[in-house]
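Here the structure comes first, spelled out in structure tokens, and everything after it is commentary.
Order of the sequence lines fixes the chain letters, A, B, ..., with proteins taken first and strands second; residue numbering starts at 1 for each chain.
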Amino acid sequence: MASVFEQTIARNERIEPRDEMPDAYRATLVRQIAQHAHSEIIGMQPEGNWISRAPSLRRKLVLLAKVQDEAGHGLYLYSAAETLGVSRDELDEMLRTGRQKYSSIFNYPTLTYADVGTIGWLVDGAAICNQVPLCRTSYGPYGRAMIRICKEESFHQRQGYELLMTMMGGTDAQRAMVQESVDRFWWPALMMFGPPDDDSPNTAQSMAWGIKRNTNDELRQKFVDMTVPQAKALGVTLPDPDLVWNEERGAHDFGQPDWEEFWQVVKGNGPCNAQRLAHRRRAHDEGAWVREAASAYAARSQHD
Amino acid sequence: MTEHDEARPRAGWPLYEVFVRGKRGLNHVHVGSLHAADDQMALRHARDVYTRRNEGVSIWVVRSAAIVASSPDEKDSFFEPSGDKVYRHPTFYDIPDDVPHM
Ligand SMILES: [Fe+2]
Ligand SMILES: [Fe+2]
């Protein structure tokens, strides 16, 4: 006979924190939600790099608000992960010690200010493609966190696209800067959907459990199809000679990212892996006195 | 007990559950949780994390450990008393269609 868990999944209903669930379901969720939360937290760094050098007060306000949102996304997701019985401190430590991963896209540097726009357009755009179906994921707290996040992501993508549109309306040098940035981020953005389906052994189980709703390749295709007309409207080219509309499939054919590079970055050998983790550890260590002071203040006011 | 099982390890600051009233006339609704050193910090952080876009006009925070909840294991027996009381629903009563305003 099917377990209560299996029946709930079969009815397409949500699993809630104190329901019985298979250990492997719980472990998969902890890993996925934690990785997602860590990505939001580390994801603040590449863009944070440009806050102090944003070209106007308006751009600085927008970028600050965007980076703050990413901190909030990390917190929504840590909150969801904690309902599975893992503590915030453990999760944070696993990030700092490299035992849990974050999205590889954040191991690429932001070399020019155009990268702020490209990240909003392509990186947040790819994140939206990944995240919208996750609003219907089978684990209740994860789905609810994703709904909050998706509501905020649209601002992220639009501010990035608008930034690039403004630069494309500027000088030749600014247009070249946008194109160079898009050339650098296009392939890493495609990698954000994970390895090809043939090379993604856990996808079938995650889909059976309703954690994932689409395969990596389905989502990658959706992203390409959405992005091509946006690139055209912007006036940039996407750096893929194989990218072409396939009338028969009603979708774009496109080339494969360099998967060897992908695995190298996952293993820690990307351009910024060491820098990102070192920065996170330093921020944690330098914040210790603030946490201690707050704890001491809380303890004292409790006794008063 | 809440969504966050008390048996889990709990180092650091206590966990608070956050409830937000979206606008006047609505109930406070659970939106998530956060850690804080004390009640005041929990409220401030709840504002920063959960109401960055005017999502609320009022916030409650309560320590997760202070919430008492029914257990899912009791589901059947705990909620059983209301299961067979169909007469509590308006559809239990047959009224001719031509009787107005019922
Ligand atoms: Fe985000
Ligand atoms: Fe974002």
Part of A:Arg148 lying under 4.5 Å from any heavy atom of chain B: side chain

So, [X] and [Y], do they make that salt bridge, N to O below 4.0 Å?
{"X": "A:Glu90", "Y": "A:Arg99", "value": "no"}
{"X": "B:Arg63", "Y": "B:Glu17", "value": "no"}
{"X": "A:Glu152", "Y": "A:Arg158", "value": "no"}
{"X": "B:Lys85", "Y": "B:Glu80", "value": "no"}
{"X": "A:Asp92", "Y": "A:Arg96", "value": "yes"}

Between A:Ser79 and A:Glu82: side-chain donor-acceptor atoms closer than 3.5 Å: no

Proximity of A:Tyr78 and A:His38 rings by center, below 6.0 Å: yes

Side chain A:Asn49, main chain A:Thr110, donor-acceptor under 3.5 Å: yes

For chain A, which residues of residues 88-100 of chain B have heavy atoms nearer than 4.5 angstrom: none

Heavy-atom contacts under 4.5 Å, residues 52-61 of chain B to chain A: B:Arg52, B:Arg53, B:Glu55

side-chain contact (heavy atoms from CB on, under 4.5 Å) between A:Leu95 and A:Arg280, worked out: CA-CA 9 Å; A:Leu95 169 62; A:Arg280 180 72 201 92; 4.1 Å; yes

Verdict with supporting geometry, A:His156 and A:His73, ring-ring contact (aromatic ring centres under 6.0 Å, His included): CA-CA 12 Å; A:His156 297 180; A:His73 296 177; 5.5 Å; yes

